[in-house]
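Each remark here refers to the structure printed beneath this line.
What you are looking at is a predicted structure, and each value in this text was computed from that prediction instead of being measured.
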Amino acid sequence: MTTSAKPLSVAVIGAGMAGRSHAAGYRNVNTVFGAGLPPVRLAAIADANVALGEDAARRYGYEKALPSWEAVAEDPTIDAVSIVVGNDLHRPIAEALVAVGKHVLCEKPLAGSLEDARAMAELERGADVVTAVGYTFRRSPAIAAIRDHVHRGEVGDLTLFSGRYWCDYATDPNGPLSWRFKGGPGSGALGDIGAHVIDAAEYVAGPITAVSGASLSTQIPKRPLPLGAVVGHNAAPVSDEVGEVENEDTASFTARFESGLVGTFSVSRTAFGLPNGLSFDVLGLGGRAAFDQHRPAEYLFDDAQPEARTRGVRQIIAGPQLPYFAGGYPMEAPGVGGGNAEMFTYQARAFLDQVAGGAEPLPACATFADALRTMEIIQAVVESSRNGGAAVTVPPAA
């Protein structure tokens, strides 16, 4: 482990929108919570799009931009690395970084295929470094508070979980055929955004044991080929030639949890007017809670108040009473907002807490094994869809 006397040197592989979120998170880790980390050296951002990497390095204060992930692996001064590139590249990059003793925080989904994900989980079992996965929504103060309500029994025995992740980034049929539209069933909306809502469901309500009733569909089957690099979900120049979309735009399924709880799920990247619509409701015999990422600094809560006249759903405004808020915001007062950038900071801090072995670490990040489990659930959804919605058992958690 890295000692507290030695600066931690970090790098980010990938300079797109998620890569920049990781870069900003590392920049801010020593501004939040206690004085548990050594100084953090912002060493490098690597991207094959050199201009994009140089711009990100300049914006977030990194020492240099590198043209390849191999250059990061070969730099002996770098301790910890975020992998934020196309899913198919996760496995070879992680294997190379772990082989040279670097700690790895990998974006979700864990890999481009279940085979690669299993290999990465096996890699983790034999690794002498920290390996983690970026399920950023675990760092939402509101979601963490809802989890606490559930785990303390404050909503009673659970009766229903309803989770949705509806986005509109793929509604334009003239949007370029980027890597997000390549890969087989399960690697589209289900793997991209569904991974988050599946993880959030298990984080709040416990393990999923089976899925059924699955349906996958593609609303835009062909897209124009890009003429150059595509960054994130941005528009890009396209040619007159089109290519086949290889994965799903929309997916829905039901799930059975280990507790007997029933869950319903739907995900879509063609949901008009919803830029980042992760939301869920969790209901129990004694209460309910709801979260909507479009209103990230609050959640709704209802329980069996003693006085029936005053019962009803109430809006809980994020403040120092919620997880992560105290020590995590410059202005520690309710109603000051919060959102995506803070969650990436808390995630980066948790990862580096694990690397440095701090005295008061944040809750640890999800592991490669956790992310493999999510991909096994996704594969079960695909199998259910292929078999007319038949029930498919999910392998038990390792």
Side-chain angles (χ1 to χ4, degrees), residues 87 90-91 106-125 131-135 137-138 143 146-147 150-151 157-165 183-217 247-248 250-268 278 280-284 365-398:
N87 305 334
H90 290 182
R91 177 184 174 182
C106 184
E107 254 303 324
K108 47 56 50 197
L110 181 59
S113 70
L114 196 55
E115 178 185 2
D116 281 355
R118 287 171 176 154
M120 290 175 70
E122 184 63 32
L123 173 72
E124 178 177 70
R125 281 190 281 272
T131 49
V133 177
Y135 283 120
F137 289 104
R138 291 189 179 198
I143 291 176
I146 290 172
R147 181 179 189 263
V150 170
H151 287 207
D157 292 339
L158 299 184
T159 58
L160 178 67
F161 181 96
S162 178
R164 304 151 306 277
Y165 205 153
S187 66
L190 195 54
D192 186 20
I193 53 181
H196 273 306
V197 72
I198 290 169
D199 182 72
E202 291 204 308
Y203 180 68
V204 169
I208 290 172
T209 58
V211 302
S212 60
S215 176
L216 276 61
S217 61
N247 50 33
E248 71 286 347
T250 300
S252 63
F253 63 97
T254 62
R256 177 74 64 176
F257 289 74
E258 187 175 78
S259 64
L261 172 70
V262 172
T264 65
F265 294 80
S266 63
V267 299
S268 179
L278 171 71
F280 65 82
D281 297 82
V282 58
L283 291 86
C365 292
T367 64
F368 284 7
D370 294 328
L372 168 61
R373 176 173 175 75
T374 306
M375 290 191 65
E376 288 174 336
I377 294 171
I378 288 170
Q379 182 61 35
V381 173
V382 172
E383 290 179 18
S384 174
S385 176
R386 286 172 174 164
N387 290 282
V392 178
T393 300
V394 176

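Atom CD of E124 and atom CG of L110 lie 8.5 Å apart (nearest 0.5 Å). Here the straight-line distance linking atom OG of S259 with atom CD1 of I208 works out to 10.5 Å at 0.5 Å rounding. A distance of 10.5 Å separates CG of L190 from CD1 of I377, quoted to the nearest 0.5 Å. Atom-to-atom distance recorded for T264:OG1 and F280:CZ is 13.0 Å, nearest 0.5 angstrom. The distance from atom OH of Y203 to atom NE2 of H151, rounded to the nearest 0.5 Å, is 8.0 Å.
Put simply, the side chain of E376 reaches to within 4.5 Å of the side chain of R118, judged on heavy atoms. Within the 4.5 Å cutoff, the side chain of V394 has no heavy atoms near those of the T209 side chain. A heavy-atom distance below 4.5 Å is not found between the side chains of V133 and D370. Side-chain contact check for L278 versus I193: every heavy-atom pair is 4.5 Å or farther apart. L158 has its side chain within reach of V282: a pair of non-hydrogen atoms, C-beta onward, lies under 4.5 Å apart.
With R91 contributing its side chain and A111 its backbone, the two residues share no donor-acceptor pair below 3.5 Å. Side-chain atoms of S384 come within 3.5 Å of backbone N or O of A390 as a donor-acceptor pair. Side-chain atoms of E248 come within 3.5 Å of backbone N or O of G188 as a donor-acceptor pair. Under the 3.5 Å distance criterion, the side-chain polar atoms of T250 are left unmatched by any main-chain donor or acceptor of S217.
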Exercise. Check the pair V381, L216 against side-chain contact (heavy atoms from CB on, under 4.5 Å), reporting the backbone distance first and the verdict last.
Key: CA-CA 9 Å; V381 173; L216 276 61; 4.1 Å; yes
Practice problem: List the steps and the verdict of side-chain contact (heavy atoms from CB on, under 4.5 Å) for R164 and V267. | Solution: CA-CA 6 Å; R164 304 151 306 277; V267 299; over 6 Å; no
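For the pair A366 and Y135, the tightest heavy-atom approach, listed with the atom from each and the gap, is CB-CD1, 3.6 Å. Nearest heavy atom pair, residue G213 against residue T254, reads N-OG1, 4.4 Å. For G183 against S187, the heavy-atom pair with the smallest separation is C-OG, 3.2 Å. Minimum interatomic distance between Q379 and R386 (heavy atoms only, all atoms of both residues): NE2-NH1, 4.1 Å. Between G186 and I378 the shortest heavy-atom distance is O-CG2, 3.6 Å. Closest approach of H196 to G134, counting heavy atoms only: CE1-O, 3.9 Å.
A donor-acceptor contact closer than 3.5 angstrom is absent between the side chains of S252 and S215.
When the salt bridge (Lys or Arg N to Asp or Glu O under 4.0 Å) test is applied to D192, the partners found at least two apart in sequence or on another chain are K108, R180. Every residue two or more places apart in sequence or in another chain that forms a ring-ring contact (aromatic ring centres under 6.0 Å, His included) with F265 is listed here: F161, F253.
Around the CG atom of D157, the shell of radius 6.0 Å holds no more than 12 heavy atoms that belong to other residues, nucleotides or ligands.
Remark: R125 engages E122 in a salt bridge, criterion side-chain N to carboxylate O under 4.0 Å.
Applying the salt bridge (Lys or Arg N to Asp or Glu O under 4.0 Å) test to every pair with at least one member in residues 198-210, sequence neighbours left out, gives these pairs: R138-D199, E202-R373.
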